[in-house]
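Both backbone and side-chain heavy atoms feed into the values below; hydrogens, waters and symmetry mates do not. Convention: sequence-line order gives letters A, B, ...; per-chain numbering from 1.
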Amino acid sequence: MAGSSETDWVSRFADEVIAEAERRAPGKAIVCASGLSPSGPIHLGNLREVMTPHLVADEIRRRGYECVHIISWDDYDRFRKVPAGIDPAWAEHIGKPLTSVPAPQGSPYANWAEHFKAPMIAALAEMGIEFHGISQTEQYTSGAYREQILFAMRERERIDAILAQYRTKKPAAGQGGQRQVDEAEAAAIEGSGAATEDDGSAAAGYFPYKPYCSACERDLTTVTSYDDETTELAYTCVCGFSEVVRLSEHNRGKLVWKVDWPMRWKYEGVVFEPSGVDHSSPGSSFVVGGQIVRDVFGGDQPIGPMYAFVGISGMAKMSSSKGGVPTPADALEIMEAPLLRWLYARRKPNQSFKIAFDQEIQRLYDEWDALARKVADGTALPADLAAHARAIGTAAGPLPTTPRPVSYRTLASVVDVSAGDSEQTLRILRDLDPADPIASLDETRPRLDRAAHWVTTQVPLEQRTRVRDEPDAELLESLGDAERESLRLLLDGLDEHWSLDALTTLVYSVPKLQAGLPADAKPTPELKVAQRGFFALLYRLLVGRDTGPRLPTLLLAVGAGRVRKLLGA
RNA sequence: GGGGUGCUAGCUCAAUGGCAGAGCAGCGGACUUUUAAUCCGUAGGUUCAGGGUUCGAAUCCCUGGCGCCCCA
């Protein structure tokens with residue numbers, strides 16, 4: 001493709017989308033879209049549904065084109081299943097639109113959908129993702145799709161014929177009505193959506209529209225007749241209710257998913273919309289939708305890459321405390337927005353990856369910092385450079401950064417040994433670089449806060465440093481003369497060596513002095529052994545283990561008074 | 001059973017028919033190095049297997065194997 005910058009996958013899609021948009025409607029704003037169903041926590045896998053078009057839309061904007069990123073909130077979808085941890089009484093709401101289901105107990109939000117949309121919207125804002133949200137509840141209940149619905153009903157036979165091409169299981173057993181209830185139940189149990197979606201088959205014929213019951217609000221309805229002339233539609237509900245409505249004025253119901261989606265492609269003029277790999281089977285909504293949008297609605301199918309799943313590594317307490325998979329908001333508590341953006345930008349959509357909630361996050365941050373240095377000194381590879389640029393900001397501007405990006409690993413360690421005490425944290429951080437000391441913790445935020453949150457919520461207790469409250473009397477009692485002397489040498493020098501560098505010198509010199517060597521003697525193998533032994537003794541006395549954070553750091557964090565106490569002074 | 005997708009260095013991944021490459025881990029060193037580093041150097045390969053197309057294949061086609069996902 002001529003002119004393609006060929007730097008990364010985002011650029012290539014942007015080329016493709018711009019070309020396609022020019023072909024379809026030159027000069028008009030380019031539309032990229034995401035669809036999210038707020039049926040439960042919107043997790044990091046769902047974030048890919050947003051990040052993929054976001055990155056492409058952002059690249060398009062960077063090139064000076066007008067581009068709209070629509071997030072379609074599928075909040076008019078049926079409530080399928082009561083998730084674990086929710087009052088089983090919510091089962092009575094199964095089949096209602098998500099916006100008609102009460103939010104979980106204790107939620108400040110008006111309904112189920114809002115409860116799960118809100119944290120996602122906040123996370124998207126933090127990540128610098130600009131979008132135009134469209135509530136499908138508002139669209140349907142305001143009659144925005146009136147013409148499209150009436151049209152789809154008129155064209156129901158053609159739609160049915162197209163769907164029939166993909167139905168692997170013909171209605172061999174025959175009982176359409178029975179099948180429908182089975183599917184409703186199966187969907188209620190399964191909870192996963194698109195592929196098991198009721199496509200609108202029923203005993204009285206095929207109808208691509210499903211009303212929500214006017215009495216019970218649920219979608220356990222069956223269309224029994226429809227008149228194209230009058231637009232009168234009759235339905236019955238399992239609750240016993242039945243009525244006849246005019247579709248030309250009725251606003252409580254929706255097109256079945258496989259028709260709804262292509263209808264909206266045409267309605268919004270979507271040029272780019274990705275979908276999960278579960279849409280990659282032959283009869284999937286994306287494939288079927290493509291044919292329906294072309295043959296029925298006379299529109300075009302968007303460019304739609306399939307994206308692979310996003311996994312999680314670690315997640316110590318997450319599952320137990322929050323009862324589910326982590327959300328973007330959870331991730332943003334332990335990592336800065338640019339890092340999270342980077343994870344999605346650096347991998348092609350069809351490539352699955354994991355987001356680190358365990359120790360891996362430290363390595364990841366190291367890699368990120370190393371990349372930033374390469375970018376700064378101009379040695380970054382083009383693809384890495386592109387991913388970095390997409391991570392740190394958008395066409396609208398840069399995202400907030402940490403002024404002094406101290407290594408995440410270091411911050412985590414400091415928070416660990418200082419138990420989060422901000423005064424001690426600042427003291428240790430200030431000593432990191434005496435030539436250019438950190439004046440305020442704010443210079444290391446927000447990264448410091450992310451690291452602190454990670455340490456307290458994700459690091460297993462047995463890996464945390466826990467300074468002893470009381471001296472290990474038994475161990476102190478059992479020490480030999482040489483060991484006692486080493487402790488005394490350390491304690492004697494403590495006051496005049498109370499800084500990171502001086503303490504480093506001190507702890508290494510104690511074994512030298514004991515061996516009768518000057519403090520600046522060159523190390524010998526024997527000396528190294530003695531030093532290790534000395535360090536282990538100190539770790540045992542201070543934290544009850546053989547190893548720990550570097551001693552100077554640890555000593556500073558523990559404080560002179562407590563050190564004296566624990567070392568038996 | 002059907003479909004999708006992936007398989008490249010120890011690990012995570014690049015290379016979009018044209019010299020198989022990075023990061024991390026490893027190893028050696030600078031520099032006393034411990035759950036805090038940084039820098040320099042270094043090694044690392046039958047690109048899952050087999051066949052085909054091609055002047056040329058990690059890349060395209062076919063067959064098989066294994067992993068993951070979806071459907072039935």
> Can we call the ring centroids of A:Phe535 and A:Tyr508 under 6.0 Å apart?
Replying inline: yes
> Under 3.5 Å, is there a donor-acceptor pair between the A:Thr402 and A:Arg445 side chains?
Replying inline: no
> With rounding to whole Å, what would you report as the distance between B:G23 and B:G41 at their P atoms?
Replying inline: 11 Å
> Given atom CG of A:Leu429 and atom P of B:A37, what is their separation to the nearest angstrom?
Replying inline: 14 Å
> Which nucleotide in the list B:U32, B:A37, B:G23 gets nearest to the side chain of A:Arg409?
Replying inline: B:A37
> How far does the P atom of B:C11 sit from the matching atom of B:G2, given to the nearest Å?
Replying inline: 31 Å
>> Work out how far the C1' atom of B:A49 is from that of B:C13, and round it to whole angstrom.
In response: 23 Å
> Between A:Glu360 (CD) and B:U12 (C1'), how many Å, whole number?
Replying inline: 8 Å
>> In whole Å, I'd like the distance from the CG atom of A:Asp366 to the P atom of B:U38.
In response: 6 Å
> Parallel under 30°, tilted from 30 to 60°, perpendicular over 60°: which one fits the rings of A:Trp9 and A:Phe13?
Replying inline: perpendicular
>> Once you apply a heavy-atom cut-off of 4.0 Å, does A:Asn350 come out as touching a base, just sugar-phosphate, or nothing?
In response: sugar-phosphate
> For the pair made of CG in A:Asp358 and C1' in B:U12, what is the distance, rounded to whole Å?
Replying inline: 13 Å
>> Taking only the C1' atom of each, what is the distance from B:G6 to B:U47 in whole angstrom?
In response: 14 Å
> Quantified in whole Å, what is the P atom distance between nucleotide B:A15 and nucleotide B:G21?
Replying inline: 14 Å
>> Regarding A:Thr327 and A:Asp330, do their side chains bring together a donor and an acceptor under 3.5 Å, going by distance alone?
In response: yes
> Can you tell me if CZ on A:Arg62 sees more than 12 non-hydrogen neighbours from other groups inside 6.0 Å?
Replying inline: yes
> To the nearest angstrom, how far is A:Tyr365 atom OH from B:C24 atom C1'?
Replying inline: 18 Å
>> Rounded to whole Å, please give me the gap between CZ in A:Arg347 and P in B:A14.
In response: 6 Å
>> Under a plain distance cut-off of 3.5 Å, with no hydrogens placed, do A:Gln301 and A:Trp265 share a side-chain donor-acceptor pair?
In response: no
>> Classify the ring geometry of A:Trp342 against A:Trp368: parallel below 30°, tilted from 30° to 60°, perpendicular beyond 60°.
In response: tilted
> Taking the side chain of A:Gln351 as its heavy atoms from C-beta onward, which of B:A36, B:C24, B:C13 lies nearest to it?
Replying inline: B:C13
> Does atom NZ of A:Lys354 have more than 12 heavy-atom neighbours from other groups under 6.0 Å away?
Replying inline: no
> In terms of the nearest nucleotide of RNA chain B, which residue is placed more toward the 5' end: A:Lys348 or A:Lys374?
Replying inline: A:Lys348
> Any side-chain donor paired with an acceptor under 3.5 Å for A:Tyr365 and A:Glu336?
Replying inline: yes
>> Mind checking if A:Arg373 touches a base, just sugar-phosphate, or nothing, with heavy atoms under 4.0 Å?
In response: sugar-phosphate
>> Show me, range against range, the stems involving RNA chain B, built from at least 3 consecutive Watson-Crick or G-U pairs below 3.5 Å.
In response: B:1-7 with B:65-71, B:10-13 with B:21-24, B:26-30 with B:38-42, B:48-52 with B:60-64
>> Whole angstroms only, please: what is the CG-C1' distance between A:Asp8 and B:A15?
In response: 14 Å
> With respect to the side chain of A:Thr410, which nucleotide from B:U32, B:C13, B:A36 is positioned closest?
Replying inline: B:A36
>> Please classify the nucleic acid contact of A:Arg346 as base, sugar-phosphate, or nothing, using heavy-atom distances under 4.0 Å.
In response: nothing
> Given the C1' atoms of B:G50 and B:G44, what is the spacing between them in whole Å?
Replying inline: 27 Å
> Given the P atoms of B:A58 and B:G18, what is the spacing between them in whole Å?
Replying inline: 10 Å
> Could you state the CG-C1' distance from A:Leu385 to B:A22, rounded to the nearest angstrom?
Replying inline: 15 Å
>> Tell me if the side-chain of A:Lys354 makes a donor-acceptor pair with the base of B:U12, cut-off 3.5 Å, by modelled atom types.
In response: no
>> Give me the distance, rounded to whole Å, that separates B:G64 from B:A22 when you measure between the P atoms they each carry.
In response: 37 Å
